[in-house]
J.: 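Would you mind keeping the following structure in view while I ask a few things?
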Amino acid sequence: MKILSGLTQSELEQLTDNLGASRFRARQIHNWIYLKSVKSIDEMTDLSVKFRDELKKSAVVSDTKIKVKQVSSDGTIKYLLEYPDGECVETVLMRFDNRANLTACVSSQVGCAVNCTFCATGKRGFIRNLTYKEIIEQVLTIQRDTGLKVTNVVFMGQGEPLLNLDNVLKAMEMFNEDFQIGARRLTVSTSGIIPQMIKLADLDMQSTLALSLHAPNHDIRLKLMPVESKYNMDELHKALKYYVDKTGRRITIEYLLIKDLNDTIDSAKQLAQYLKDIKCNINLIPYNPTEKNDYKRPSNNSIMKFKSLMEHSGKKVTVRLERGADIDAACGQLRGKVDTVK
Ligand code: SAH
Ligand code: SF4
């Protein structure tokens, strides 16, 4: 059986050619899959019943299942998807105040090898890469299930996108061309895999790159993220400069705030110094609790204090709204399992 989701226009044309149908049919199927997001071939009502029956003999829309769907009190929806081999990942749909903006947070891998100490995904270890089809399938699932069109995609679910770069780039190309989501509405978040950051710079990527920095100095970062022993903050600084110079784009610096660990005035000063000559926005992420560690979320007061210190250094600073924490859909809480009693 052919799976229609994930096929490009020219692949769909091959399919209609094989069925002896005109290429206009391929265009129609393409629209039904990516823009109108139907669940079945029967819903493709501008195709003749005869052609639909023909198509159904050799193709289905999707082979991915929604295993669990949870809706948060703030409207965030978390899906646990199951691929045909039985592996599962989460994908999250966030609606912000402005209802026209629908952001999908997609996974790029099952599990993650980077093993940051604060992250539930990292605790699972690395299972496998997702193919580009499995990545875009997450957005298609959301669109099919809600009947809404996703407008923004962030690679902030399970996995380190830059360790699965070919599939991530291909998925981004399809988001752009097939889903008609503008490049600037796509964000890739990385723990700082330097060679691939350089590659993105050389590709002149027009989407947003977000770096999970999370620390003001080497020692603190090493405690939080083992990747610091391979790609340290000095090297990262050079890579950030290279990226900004090459692409002309502003980078987003993600900074996890953990009580008494990296939320102090001293930390804010060191961070400001580190970012002094980097064109960036700063996104502060108050720590979301995950199982089995001693980290704590700072008080709102210290979050605001940290924010204003960074603003004084001349940066634009936002605090990431916590979305979907009641259903473990917030940053760092994805672990690819059905939730059991905690
Ligand atoms: N692997 C990539 C993208 C996925 S994680 C990366 O690390 O950048 C998306 C963001 O959620 C990252 O900035 C990550 O550091 C953050 N995150 C992980 N665990 C978290 C937690 N417990 N609380 C808040 N943010 C967390
Ligand atoms: Fe992997 Fe990102 Fe989690 Fe670190 S924070 S373990 S890089 S998913």
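Note that this is a predicted model, so its numbers are computed, not measured. Along the sequence shown, residues are numbered consecutively beginning with 1. Counting convention: from 1, in listed order, for ligands and their atoms alike. These numbers come from the heavy atoms of this one structure, side chains and all, not from hydrogens, waters or symmetry mates.
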J.: Under a heavy-atom criterion of less than 4.0 Å, does Q158 contact ligand 1?
T.: no

J.: Under a 4.0 angstrom heavy-atom cut-off, which atoms of ligand 2 come close to G159?
T.: 8 (S)

J.: Pairing donors with acceptors under 3.5 angstrom, does anything connect the side chains of R144 and S5?
T.: yes

J.: Could you verify whether a donor N or O on one side chain and an acceptor N or O on the other, from D263 and Y287, lie under 3.5 Å apart?
T.: no

J.: Starting from atom 10 (C) of ligand 1, which protein heavy atom do you reach first, and at what distance in Å?
T.: E254 OE2, 4.0 Å

J.: Out of all atoms in ligand 1, which are within 4.0 Å of some heavy atom of I285? Include the element for each.
T.: 13 (O), 24 (C), 25 (N)

J.: Tell me how many protein N, O or S atoms are within a distance shorter than 2.8 Å of atom 4 (Fe) of ligand 2.
T.: 1

J.: Consider only side-chain N and O atoms of E160 and Q109, and report whether a donor and an acceptor are under 3.5 Å apart.
T.: no

J.: Quick test: of every protein heavy atom, which one is nearest to atom 5 (S) of ligand 1, and how far off is it to 0.1 Å?
T.: M156 O, 3.9 Å

J.: Give the ring-plane orientation class for H237 versus Y274, where under 30° counts as parallel, over 60° as perpendicular and anything between as tilted.
T.: perpendicular

J.: Under a 4.0 angstrom heavy-atom cut-off, which atoms of ligand 1 come close to L256?
T.: 23 (N), 24 (C), 25 (N), 26 (C)

J.: Check T117 against K223 and note the closest heavy-atom contact, atom names and distance.
T.: CG2-O, 3.4 Å

J.: Go through the side-chain N and O atoms of D266 and T264 and say whether any donor and acceptor fall under 3.5 Å apart.
T.: no

J.: Closest by any non-hydrogen atom to atom 4 (C) of ligand 1: pick that one out of S189, P161, G157, S108.
T.: G157

J.: Applying the side chain to side chain donor-acceptor pair (under 3.5 Å) test to S37, which of Q143, E43, K149 qualifies?
T.: Q143

J.: Test T8 against every option in E173, M174, E13 by the side-chain contact (heavy atoms from CB on, under 4.5 Å) rule and name the one that passes.
T.: M174

J.: Centres of the Y295 and F118 rings: under 6.0 Å?
T.: no

J.: For F155, take its heavy atoms, then give the atoms of ligand 1 lying under 4.0 Å from any of them.
T.: 3 (C)

J.: How close does the nearest protein non-hydrogen atom get to atom 1 (N) of ligand 1, and which residue and atom is it?
T.: G159 O, 2.8 Å

J.: Under a 4.0 Å N-O cut-off, is there an ion pair linking E54 with K50?
T.: no

J.: Considering only the protein, which heavy-atom contact is closest to atom 19 (N) of ligand 1, and what is its distance?
T.: G332 CA, 3.0 Å

J.: Distance to 0.1 Å, residue and atom name: give those for the protein heavy atom nearest to atom 11 (O) of ligand 1.
T.: C331 CB, 3.5 Å

J.: Check the side chains of S299 and N301 for a donor-acceptor pair under 3.5 angstrom, ignoring hydrogens and angles.
T.: no

J.: In the hydrophobic clustering that connects Ile, Leu, Val, Met, Phe, Trp and Tyr at side-chain heavy-atom distances below 4.5 Å, which members other than I3 occupy its cluster, ordered by chain and number?
T.: M1, V60

J.: Side chain or backbone, does Y287 bring an N or O within less than 3.5 Å of an N or O on ligand 1?
T.: no

J.: Does the side chain of T151 pick up a donor-acceptor pair with the side chain of N101 at under 3.5 Å?
T.: yes

J.: In the protein, what heavy atom is nearest to atom 13 (O) of ligand 1, and what distance, to one decimal place, separates them?
T.: S212 OG, 2.7 Å

J.: For atom 14 (C) of ligand 1, what is the closest protein heavy atom, and at what distance to 0.1 Å?
T.: H214 NE2, 3.8 Å

